[in-house]
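Report on one structure; see the data block that follows.
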Amino acid sequence: MSRRLGIIGAGGHGKVVADTAERAGWSKVVFFDPRFGLSEQTHAHWPLLGFPEDAQTHECDGYFVAIGNSQARQQWCEWLLDRRLPVASVIDPASTVSQYAMLESGVLVVAGAVINADAHIAQGVIVNTRAAIDHDCTIGAYSHVCPGSALAGTVAVGEHSWLGIGCQVRQGVSIGSNVMVGAGATVVSDIQDGLTVVGTPARPQKIL
């Protein structure tokens with residue numbers, strides 16, 4: 001059965017989504033981008049059809065927002081939902097997602113990622129290459145778990161947070177909303193909203 005996916009965002013992240021979508025069984029992928037007509041950025045493998053607003057005029061079986069900035073990702077996801085356009089999740093078949101995990105719409109799970117039982121992944125979350133999310137974790141809407149990150153059981157992450165490449169989070173830790181965890185950091189205690197933390201153990205970044 002032929003299935004067509006419309007992707008908003010034709011940058012590098014969009015390439016990852018398109019490639020993942022094809023492995024996941026989407027037979028045709030097309031792009032829409034805010035910069036259409038203003039730059040030379042196109043994809044050699046997939047057609048770029050117009051601005052994001054043009055997506056509603058091109059019939060697709062699902063739509064996905066492939067924009068790294070979490071605020072913009074939320075804006076376009078809500079734009080799609082307001083128009084009753086179906087927001088799809090894209091899950092690589094080379095990932096491992098428990099049948100008991102809950103994934104909302106617009107979630108990306110890239111190759112090598114693991115999501116274990118009773119984890120709850122909210123709308124618009126990115127679970128990137130080889131990230132590991134253990135049992136009973138909750139990841140808030142539009143957050144990004146970067147490549148190689150490892151979250152032990154019962155970790156809670158708020159909305160619009162960024163967990164940097166290779167970070168590690170101890171079991172039971174709560175990470176607030178709009179938090180940035182630096183690459184390679186080790187989080188062993190709760191992190192309040194809006195903080196940037198780095199190091200091992202992770203501590204708030206000093207402002208010089």
Side-chain angles (χ1 to χ4, degrees), residues 2-95 97 103-113 115 121-131 133 139-149 159-166 180 183:
S2 178
R3 294 195 304 158
R4 173 166 149 138
L5 181 68
I7 299 177
I8 293 178
H13 182 52
K15 290 182 183 181
V16 174
V17 174
D19 192 32
T20 302
E22 289 185 339
R23 287 196 297 274
W26 293 90
S27 52
K28 185 171 181 60
V29 174
V30 297
F31 277 95
F32 307 92
D33 193 272
R35 298 159 296 182
F36 181 72
L38 300 177
S39 74
E40 298 300 319
Q41 185 165 4
T42 59
H43 288 309
H45 310 293
W46 306 282
L48 179 59
L49 300 184
F51 295 102
E53 294 84 355
D54 298 323
Q56 60 190 329
T57 67
H58 293 268
E59 186 174 347
C60 293
D61 299 286
Y63 297 87
F64 190 91
V65 181
I67 296 176
N69 179 277
S70 67
Q71 300 291 339
R73 191 158 71 253
Q74 178 177 4
Q75 172 192 338
W76 286 111
C77 278
E78 291 178 350
W79 184 89
L80 291 168
L81 292 168
D82 287 345
R83 285 153 183 79
R84 300 184 182 276
L85 298 173
V87 177
S89 288
V90 176
I91 302 171
D92 198 297
S95 64
V97 179
L103 276 62
E104 297 185 19
S105 64
V107 170
L108 174 67
V109 183
V110 186
I115 301 174
I121 313 300
Q123 184 170 292
V125 167
I126 300 168
V127 182
N128 221 317
T129 312
R130 297 182 64 189
I133 298 175
I139 311 297
Y142 307 105
S143 288
H144 185 166
V145 184
C146 289
S149 299
E159 298 182 354
H160 294 280
S161 287
W162 176 284
L163 278 61
I165 291 173
M180 179 170 287

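When a residue number appears, it is its place in the shown sequence, counting from 1.
- Between the side chains of Trp79 and Gln56, no donor N or O sits under 3.5 Å from an acceptor N or O.
- Looking at every heavy atom in both residues, Cys60 comes nearest to Val30 through SG-CG2, 4.1 Å.
- The heavy-atom pair separating Pro52 from Pro34 by the smallest distance is CD-N, 3.4 Å.
- Taking CD1 of Ile139 as the start and OG of Ser161 as the end, the distance is 9.5 Å to the nearest 0.5 Å.
- Rounding to the nearest 0.5 Å gives a distance of 10.0 Å between CE of Met180 and CG of Leu163.
- Heavy atoms only, all atoms of each residue included: Ala131 and Cys146 are closest at CB-O, 3.8 Å.
- Taking a cutoff of 4.0 Å between a charged side-chain nitrogen and a carboxylate oxygen, Asp92 and Arg23 qualify as a salt bridge.
- Scored by the side-chain contact (heavy atoms from CB on, under 4.5 Å) test, Gln74 finds Gln71, Glu78, Tyr142, His160 as partners (sequence neighbours excluded).
- Rounding to the nearest 0.5 Å places CG of Leu80 at 10.5 Å from CD of Gln75.
- With sequence neighbours left out, the side-chain contact (heavy atoms from CB on, under 4.5 Å) criterion links Ala21 to Leu5, Trp26, Val29, Val90.
- Smallest separation of non-hydrogen atoms from Ala113 and Val127: CB-CG1, 3.9 Å.
- Taking CD of Glu22 as the start and CG of Asp19 as the end, the distance is 6.5 Å to the nearest 0.5 Å.
- Remark: Arg4 CZ is packed, more than 12 non-hydrogen atoms of other residues, nucleotides or ligands lying under 6.0 Å away.
- Between Trp76 and Ile67, some side-chain heavy-atom pair lies under the 4.5 Å cut-off.
- With sequence neighbours excluded, the residues forming a ring-ring contact (aromatic ring centres under 6.0 Å, His included) with Phe32 are His58, listed by chain and number.
- When side chains are defined from C-beta on, Ile91 counts as touching Leu103, because their heavy atoms get closer than 4.5 Å.
- For the pair Ile8/Arg73, no side-chain contact is recorded, criterion being any heavy-atom separation below 4.5 Å from C-beta on.
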